[in-house]
> 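Structure below; questions to follow.
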Amino acid sequence: MTEKDVVERLEEIVGKKNVQADKIGLTSYGYDATLLSGVGMATVFPLSTEHVVKLVKLANEAGFTLIPRGAGTNLSGGTIPDGRCVTVNFSRMKKILDIDTENFVAVVEPGLVNFDLQAELEKKGFYYPPDPASYKATTLGGNLAECSGGPRCFKYGVTRDYILGLEVVLPDGKVIQTGGRNFNSEPGYDLTRILVGSEGTLALLTKIFLRILPLPAAKKTMLAIYNQVEDASQTVSDIVAAGIVPTTLEMMDNLLINTAEDATGAGLPRDAGALLIIEIDGHPEDMDEQVETIAGICKKARVREFKMARTAAEVDQLWLARRVVIGSVARRRPSYSLQDITVPRSMFPNMVSGILQIAKERNLEVGILAHAGDGNMHPLVLFDQRIEEEVERVHLAEKDICALALELGGTLSGEHGIGLLKKKYLTLEFSPVAMACFAKIKNSFDPRHLLNPGKIMNL
Amino acid sequence: MSNETVNRIKGLVGEGNVVDSPSAMARYLKGQGRPLAVAMPGNTAEVAEIVKLANEEGLKIAVGGRVVESRGLDGGLALVMSRMNQVLEIDHANLTATVQPGLAHTEFSRILAEQNLVFPPEPNVPKTGSVGGCFALGEADSQAFQYMPVRTYLLGYEMVLPNGDILEVGNKCIKNVSGYDLIHFAVGSRGTLGIFTRLLVKLLPPPAVKMALVADFASLPKACQAMATLIRRRIFPTRLNLLNPALAAGIDPGSKGNLVMVDLTGFKNSTELLAEEIAGIFHLAGSSEVQAVKEAEGYAKLWQGWLDLRGELNTTWAERVIDFNVGPMKLAAALQALTEITGDLGAYPGLVAEGLLGRVRLLLPAAGEREEMAVKVNALAMSFGGNVSGNFGSKLVCRAYNDAEMWEGIESLLGQIRRQFDPKGILAPGVSL
Amino acid sequence: MGVLNDVYEMLNTCNKCGFCLTACKTYKTDLREPLSPRGRIQLIKKLVDGVIEPDQDYEDAINSCLLCGECAVACPSGVKGNELVLAARRDLKLRHGIKPFAKSFALKTLASPSRLEHGFNFFKGVGKGLLKRIDGLDYFRGVDIRNMPAAEKPFLEQVPEQITVGDPQKKVAFFVGCFLNHSLDGTAHSVVKVLTKNNCDVIIPKDQVCCGLPQYAYGDFESAKANARKTIESFLDRKPDAVLTACASCGSMLRDEYLKLFADEPGYLPRVKEFCAKVFEFSEFVEDQIKLDESKLKAHTPVKVTYHDPCHMARHLKITSQPRQVLKSIPRLQFVEMNEANRCCGASGLVQAFYHQLSTDITRQKTQNIVDSGAEVVATSCPACMLRIQGGLNFAGKQQTVVHVADLLAKAYED
């Protein structure tokens with residue numbers, strides 16, 4: 001079947017206005033939030049499960065592959081097309097099918113934007129805990145495919161912990177439901193869990209059953225500023241050991257404090273070594289006790305300044321630096337590479353000093369942003385994508401950082417996924433036996449390698 | 001031939017660690033199967049060697065912590081993991097432990113308590129359950145609303161695959177999305193994907209305060225309403241379990257009706273306030289007696305009673321249990337509707353409801369016809385947006401929807417995965433997915 | 001290509017994170033990447049890099065932008081998508097002039113007072129009658145033609161050039177703007193009333209022309225400059241204390257964009273700066289420059305009012321609290337906020353004419369938010385928004401009416 005025939009058939013399935021195959025369209029769906037890009041044959045917007053089934057059947061018949069895509073905000077190259085493939089853009093399948101607050105379930109289509117769900121839930125006093133930094137733009141299907149995290153993970157867990165069930169279209173066109181509205185609904189194997197984080201390589205999502213929670217009755221936000229990163233790390237360990245489980249323990253290093261200050265002028269001390277944003281939630285009557293404990297721990301760790309927000313405006317003020325920080329580095333250099341390594345909490349200080357060492361050796365500027373409670377770190381390596389030689393050094397530094405994380409007992413990815421970008425490092429983390437198991441999973445679902453080929457691993 | 005096989009196994013794990021006389025094997029087995037021998041490997045290498053041997057000889061293997069399910073194991077080998085029962089590491093800084101799979105679940109909890117740590121999952125069977133078994137069965141127990149399902153406590157493992165390869169995955173990071181999620185996928189696979197030989201599990205610091213409330217309700221609907229009121233008022237205890245009179249008597253001999261057991265763990269201030277509020281709600285809802293259990297001994301005894309009951313449901317009574325979910329706030333209506341099938345639930349052999357999960361386990365009369373009953377209960381649960389759980393449930397759901405294609409899709413996918421991992425069908429012959 | 005090379009640094013700073021997607025009304029409505037800020041920025045960059053050609057699809061992506069400026073607010077890296085689109089439109093204009101003919105014709109008409117007057121005369125006479133007779137053409141491209149107001153004669157012909165009060169506290173030159181002059185003359189009268197009631201002399205230069213924004217927005221900097229120069233000279237000649245406009249779009253052009261437009265004429269720039277410093281938007285002027293004597297405001301029928309922030313108000317002029325303050329100071333007026341009050345209504349100059357389906361869908365979201373707020377009246381600060389939103393409400397069969405903040409305030413001075 002020629003490309004033109006394929007496009008015609010796609011138009012028959014979803015209608016002309018739900019297919020984009022012009023030059024501009026192909027270009028626009030060739031990239032995501034990484035530096036990678038590619039070109040496919042077309043982008044198609046299914047509106048229903050039935051559409052997806054027909055697309056899958058056509059792909060089988062005509063011999064092309066399918067690249068599922070949501071908002072294209074992933075940081076791993078997970079939606080980059082390549083050659084004889086059609087991008088399946090789920091962003092128009094965005095209905096909220098049900099919000100059942102009494103039974104803690106929401107049922108949605110995969111193209112729904114995380115933020116749009118949160119807004120609806122909030123009206124009912126509920127929320128969906130996973131909130132990746134990009135939650136205003138990302139689709140829930142995309143969150144699920146990458147198993148996204150966010151700043152609240154330390155207490156509430158990642159996407160996989162909030163997916164109760166799925167409706168998916170398998171690569172042979174069959175529709176199955178995994179899990180359901182309740183815990184303990186899996187048929188035999190926990191198919192839902194293997195699908196979460198599978199980066200669109202196993203099946204196409206058409207419906208998601210999410211677990212939702214009531215908004216916490218009380219919340220306290222604190223800011224602690226330190227002279228040294230080590231003191232901030234010590235605080236994190238001590239808080240956890242004290243039996244307190246904060247929702248958030250966000251850390252920024254000196255470079256990021258400075259770029260954030262450039263962007264906001266909020267009055268952060270430019271000579272500080274690190275800052276921590278600490279947030280706890282729960283019963284109102286438990287807040288004071290915990291705040292007191294945390295303040296004590298910070299003091300013991302030689303905190304230089306400790307603030308607790310007393311009003312909503314003050315909470316916003318404390319979060320301001322964190323919210324702008326990633327983009328604020330653009331004031332220093334136009335491009336940044338964002339890593340997603342995670343190490344055991346106890347290895348956190350070693351990882352921080354290791355990253356700074358690597359940056360020095362590779363002659364690069366790097367800022368460190370971390371979800372410190374869970375050891376998930378986002379070193380931001382700054383560069384200019386137009387300078388090839390520098391890009392080379394960035395790639396070398398990325399590899400060094402990944403290798404160090406693994407050496408310290410960590411993992412390549414805490415919440416962004418592997419995609420194309422980290423695929424080459426996967427064998428550093430996994431033995432041939434584990435890689436063979438991945439292949440077994442892939443082959444069980446998708447023996448013809450129809451879905452998102454080349455992502456996670458080569459087969 | 002078979003004697004030779006047993007000898008080879010003895011050669012691998014040591015003579016003293018293989019039992020092959022039917023009488024001696026009996027204490028390690030449940031069910032009617034007749035395996036060739038029971039072996040107790042001492043380390044990963046021995047397990048791997050045994051599996052390789054099984055591959056050569058086409059021997060089937062089933063695994064257990066203390067006791068092995070022998071269904072389908074005629075002429076096969078039962079592996080009892082009781083010798084691999086060590087705690088290899090407790091990491092206070094990262095709140096993790098590395099253990100061997102044969103470690104008894106209750107023993108693990110005891111060791112952790114000494115170190116001021118907690119492993120929240122409830123043992124499947126307090127007397128014989130192992131940590132390995134806990135994850136092999138893996139479910140959302142009655143604390144899952146607060147502490148999350150059992151799978152969330154597994155961070156990594158070492159596993160001998162059906163071909164004898166040794167798979168190692170996971171690390172001490174709470175967040176980990178590298179590659180396919182083999183870690184959590186293995187939970188609940190009931191020994192079909194491989195044999196756990198080492199587990200890396202997540203721990204928690206203990207809650208500041210623990211207390212319980214026990215409330216007697218003459219009327220089952222009123223007990224359900226009381227639980228619904230808690231949820232409506234956004235009170236979410238750690239556990240909120242309901243037992244019908246037949247089962248309540250086993251836990252609290254003085255109980256006169258249906259028993260609601262509330263577990264509260266957390267910070268001191270809120271826990272005490274909640275306890276008062278809940279007691280008030282229960283009184284208003286018509287409880288004849290609400291009793292607060294604050295002292296450690298009484299608390300421990302009460303929940304041990306619950307765990308023992310859970311153990312019975314999972315073992316002795318397993319074949320008589322229908323397990324279904326409807327969602328927390330639908331319990332009252334679902335149980336009301338259930339009486340049309342079962343008659344008065346107060347007089348029924350057993351009923352357990354986990355209020356925060358909306359999960360019900362119904363213990364059928366000894367002579368009952370399970371499948372026929374399950375079809376009816378499933379139809380009921382589906383009308384409330386739930387269904388009978390597990391593969392059995394999925395099959396019934398597909399049947400109810402007349403959706404043979406979906407069932408075929410699920411069944412072939414499950415079969416495909418199992419074949420990919422275990423093409424010769426060596427492991428867990430008694431488990432049908 | 002020079003225009004785009006000048007902004008290449010900013011194009012390169014877009015890291016494609018996608019945080020702008022949700023901020024963009026055209027993307028949120030249509031959900032195609034080329035209609036998103038990131039999509040547009042990447043296309044512009046690829047055009048500069050020589051990867052793509054400026055074909056029709058490219059022009060559609062560039063010209064469908066509402067220039068609402070929300071993407072710039074959302075961008076963590078400080079990339080201003082609206083400015084990049086503006087540069088891309090300038091680049092297109094330099095490549096081949098403004099296409100299609102209808103757009104170029106419309107922009108020329110707007111730029112010339114006499115042509116604009118002829119246009120409106122035709123519309124309110126023959127044109128409107130003609131359109132009314134065509135079945136199903138009540139709403140032409142989402143605009144409620146039948147109910148679109150047209151001034152009997154232009155406002156500038158209705159009033160003297162100077163209205164004086166005894167002992168004025170300020171001398172204000174009123175920049176009326178095309179919409180208030182030809183369509184919403186009542187609002188222009190409201191502005192004059194509020195000013196005179198507050199002891200201001202009002203000068204209304206008869207020779208005033210279009211501010212130049214429509215031409216500027218499509219890259220015709222030459223026409224825009226010509227109009228800008230006329231405006232600056234005409235108004236500065238009158239030596240006012242303030243130049244006042246009741247149109248947020250005109251306001252952003254007069255106060256901010258003129259500075260950018262003349263950045264390449266350092267000799268003239270001081271004059272431009274002198275002018276820009278005098279420009280005030282209506283509610284900003286009322287709240288900040290003159291003291292509103294609330295005791296003089298009279299109570300009328302109670303009314304529930306919500307406020308729509310025009311894009312040029314919220315993100316260009318950054319005036320958000322003053323119009324709300326003005327509304328709240330009116331007796332018996334109950335103020336309620338609507339959801340997404342500061343999001344674009346979909347009008348955006350010629351976007352509503354050339355991408356009417358998209359524009360209509362965006363307006364529908366705005367009218368829904370208005371209805372949900374429970375307000376009976378929507379106040380705003382931009383005549384383009386007023387017409388667009390009223391059309392949308394009428395189209396949806398809703399009873400709510402749209403007025404200018406000045407209209408509500410002027411009413412409170414009525415006996």
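Quick caveat: nothing in here was measured; it's all calculated off a predicted structure. Just so we're on the same page: letters track the sequence lines, and every chain starts at 1.
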> Under a 4.5 Å cutoff for heavy-atom pairs, which residue among B:Leu357, B:Thr192, B:Asp323 has the most contacts with chain A?
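Sorted descending by pairs with chain A, the first entry is B:Thr192.
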
> Using a cut-off of under 4.5 Å on heavy-atom pairs, state which of A:Ile176, A:Asp286, A:Leu202, A:Asp172 scores highest against chain B.
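Ranked by contacts with chain B, first place is A:Asp286.
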
> What's the separation between atom NZ in B:Lys268 and atom CD in A:Glu289, rounded to the nearest 0.5 Å?
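Atom-to-atom, B:Lys268:NZ and A:Glu289:CD are 8.5 Å apart.
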
> With a 4.5 angstrom heavy-atom cut-off, which part of A:His371 approaches chain B: side chain, backbone, both or neither?
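Side chain of A:His371 only, per the 4.5 Å heavy-atom cut-off to chain B.
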
> Select one option (side chain, backbone, both, neither) describing which atoms of B:Ser394 are under 4.5 Å from chain A's heavy atoms.
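Side chain only.
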
> Counting only heavy atoms not in B:Lys395 (residues, nucleotides, ligands), do more than 12 fall under 6.0 Å from its NZ?
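12 or below, so no.
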
> Below 4.5 Å, heavy-atom pairs only: which of A:Phe154, A:Phe183, A:Phe438 has the largest tally toward chain B?
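Most pairs with chain B among the choices: A:Phe438.
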
> For A:Val105, is it the side chain, the backbone, both, or neither that has a heavy atom closer than 4.5 Å to a heavy atom of chain B?
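Neither part; nothing is under 4.5 Å.
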
> Can you say whether B:Val326 sits under 4.5 Å from chain A via the side chain, the backbone, both, or neither, judging by heavy atoms?
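Only the backbone of B:Val326 comes within 4.5 Å of chain A.
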
> Once rounded to the nearest 0.5 Å, what's the spacing between atom CZ of A:Arg193 and atom OG of B:Ser189?
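Answer for the CZ-OG pair, A:Arg193 versus B:Ser189, is 13.5 Å.
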
> Write out, in numerical order, the residues from residues 136-147 of chain B with a heavy atom short of 4.5 Å from a heavy atom in chain A.
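Under the 4.5 Å heavy-atom cut-off, B:Glu139, B:Ala140, B:Ala144, B:Phe145 qualify.
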
> List the atom of A:Glu415, the atom of B:Lys175, and the distance in Å for their closest heavy-atom pair.
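So the two residues come closest at OE1-NZ, 2.9 Å.
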
> Let's test your reading of the structure: which of A:Ala241, A:Ser198, A:Pro432 forms the most heavy-atom pairs below 4.5 Å with chain B?
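When all of A:Ala241, A:Ser198, A:Pro432 are compared, A:Ser198 has the most.
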
> Heavy atoms only, distances under 4.5 angstrom: which of B:Gly386, B:Gly409, B:Ser432, B:Gly358 has the most pairs with chain A? Name it, please.
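Ranked by heavy-atom pairs under 4.5 Å with chain A, first place is B:Gly409.
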
> Given a strict heavy-atom distance threshold of 4.5 Å, which part of B:Leu204 is in contact with chain A: side chain, backbone, both, or neither?
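For B:Leu204, neither part sits under 4.5 Å from chain A.
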
> Side chain to side chain contact (heavy atoms under 4.5 Å, CB included) for B:Asp181 and A:Cys147? Distances and angles first, verdict last.
CA-CA 10 Å; B:Asp181 186 6; A:Cys147 191; over 6 Å; no

> Heavy-atom count around B:Glu89 CD within 6.0 Å, excluding the residue itself: above 12?
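Counting other residues, nucleotides and ligands, CD of B:Glu89 exceeds 12 neighbours.
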
> Measure distances from A:Ser237 to the heavy atoms of chain B and classify the residue's part below 4.5 Å as side chain, backbone, both or neither.
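Neither the backbone nor the side chain of A:Ser237 comes within 4.5 Å of chain B.
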
> List the atom of B:Cys173, the atom of A:Pro344, and the distance in Å for their closest heavy-atom pair.
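That would be SG-N, 3.7 Å.
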
> Taking it one step at a time, do A:Asn182 and B:Asn387 satisfy side chain to side chain contact (heavy atoms under 4.5 Å, CB included)?
CA-CA 9 Å; A:Asn182 304 287; B:Asn387 62 271; 5.9 Å; no

> So which residue, A:Lys422, A:Lys442, A:His416, A:Glu199, ends up with the most heavy-atom pairs under 4.5 Å with chain B?
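The candidate making the most pairs under 4.5 Å is A:Lys442.
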
> Does A:Ile441 reach the side chain of B:Phe421, with side-chain heavy atoms less than 4.5 Å apart?
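With C-beta onward as the side chain, the pair touches.
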
> Got B:Ile417 and A:Leu191 here, is their nearest side-chain heavy-atom distance under 4.5 Å?
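A side-chain contact under 4.5 Å exists here.
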
> Exactly one of A:Ile341, A:Leu406, A:Leu412 should register a side-chain contact (heavy atoms from CB on, under 4.5 Å) with B:Ser178. Which one does?
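Testing B:Ser178 for a side-chain contact (heavy atoms from CB on, under 4.5 Å) against A:Ile341, A:Leu406, A:Leu412 leaves exactly one candidate, A:Leu412.
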
> Looking at B:Gln416, B:Gln420, B:Arg419, which hits side-chain contact (heavy atoms from CB on, under 4.5 Å) with A:Lys440?
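It is B:Gln420, the one option of B:Gln416, B:Gln420, B:Arg419 that forms the side-chain contact (heavy atoms from CB on, under 4.5 Å) with A:Lys440.
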
> Using a 4.5 angstrom heavy-atom cutoff, name the option from A:Val196, A:Thr201, A:Thr178, A:Thr101 with the most pairs to chain B.
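With the most close heavy-atom pairs to chain B, the winner is A:Thr201.
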
> Which answer fits B:Leu274, side chain, backbone, both or neither, if we ask what part of it has an atom under 4.5 Å from a heavy atom of chain A?
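Side chain only.
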
> Please classify the contact of A:Asp100 with chain B as side chain, backbone, both or neither, using a heavy-atom distance under 4.5 Å.
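The answer is the side chain of A:Asp100.
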
> Could you check which of B:Val187, B:Leu193, B:Val169, B:Thr152 has the highest count of heavy-atom pairs closer than 4.5 Å to chain A?
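Looking at each option in turn, the highest pair count goes to B:Leu193.
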
> Looking at every heavy atom in both A:Val433 and B:Leu161, which two are closest together, and how far apart are they?
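Closest approach of A:Val433 to B:Leu161, heavy atoms only: CG1-CD1, 3.5 Å.
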
> Could you tell me if the side chain of B:Tyr180 sits less than 4.5 Å from the side chain of A:Cys437, heavy atoms only?
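No - every pair of side-chain heavy atoms lies 4.5 Å or more apart.
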
> Counting only heavy atoms closer than 4.5 Å, note whether A:Asn376 contacts chain B via side chain, backbone, both or neither.
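Just the side chain, heavy atoms under 4.5 Å.
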
> Looking at A:Gly409, A:Pro214, A:Ala439, A:Gly282, which has the largest count of heavy-atom pairs under 4.5 Å with chain B?
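Maximum pair count with chain B is reached by A:Pro214.
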
> Report which part of A:Phe348 has an atom under 4.5 Å of a heavy atom belonging to chain B: side chain, backbone, both, or neither.
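Interface part for A:Phe348: neither.
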
> Can you tell me which portion of B:Asn163 sits under 4.5 Å from chain A's heavy atoms? Options are side chain, backbone, both or neither.
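Looking at B:Asn163, just its side chain touches chain A.
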
> In terms of heavy-atom proximity below 4.5 Å to chain B, should A:Val158 be classed as side chain, backbone, both, or neither?
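The side chain, not the backbone.
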
> Below 4.5 Å, heavy-atom pairs only: which of B:Ile410, B:Asn176, B:Asp165 has the largest tally toward chain A?
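The candidate making the most pairs under 4.5 Å is B:Asn176.
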
> Are more than 12 heavy atoms from other residues, nucleotides or ligands located less than 6.0 Å from atom CZ of B:Arg233?
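No, not enclosed.
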
> Under 3.5 Å, is there a donor-acceptor pair between the side chain of A:Asn103 and the main chain of B:Met329?
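It does hold such a pair.
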
> Which atoms of A:Gln290 are under 4.5 Å from chain B, going by heavy atoms: the side chain, the backbone, both sets, or neither?
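For A:Gln290, the side chain is the part near chain B, not the backbone.
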
> Working to the nearest 0.5 Å, report the span between NZ of A:Lys174 and CD of B:Glu408.
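Output value for this atom pair is 4.0 Å.
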
> For A:Asp288, does the CG atom have more than 12 heavy-atom neighbours from other residues, nucleotides or ligands under 6.0 Å away?
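Counting other residues, nucleotides and ligands, CG of A:Asp288 stays at 12 neighbours or fewer.
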
> Should A:Arg160 and B:Val177 be marked as a side chain to side chain contact (heavy atoms under 4.5 Å, CB included) after you check the CA-CA gap, both sets of side-chain angles, and the distance that decides it?
CA-CA 10 Å; A:Arg160 87 164 65 87; B:Val177 299; 4.2 Å; yes

> Would you say B:Asn171 and A:Glu429 make side-chain contact, with heavy atoms under 4.5 Å?
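SC-SC contact between B:Asn171 and A:Glu429 confirmed.
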
> How about A:Phe104 and B:Phe236: are their ring centroids closer than 6.0 Å?
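Aromatic pair counts; centres sit under 6.0 Å.
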
> Side chain, backbone, both or neither: which part of A:Leu195 has an atom under 4.5 Å from a heavy atom of chain B?
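Contact with chain B is absent: no heavy atom of A:Leu195 under 4.5 Å.
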
> Could you have a look at B:Glu411, B:Met148, B:His92, B:Arg151 and say which one has the most heavy-atom pairs with chain A under 4.5 angstrom?
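That would be B:Arg151.
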
> Select one option (side chain, backbone, both, neither) describing which atoms of B:Pro149 are under 4.5 Å from chain A's heavy atoms.
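Side chain of B:Pro149 only, per the 4.5 Å heavy-atom cut-off to chain A.
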
> Out of B:Ile231, B:Ile174, B:Leu413, which one racks up the most heavy-atom pairs below 4.5 Å with chain A?
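Looking at each option in turn, the highest pair count goes to B:Leu413.
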
> Short question: side chain of B:Asn94, backbone of A:Arg345 - any donor-acceptor pair under 3.5 Å?
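At least one qualifying donor-acceptor pair exists.
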
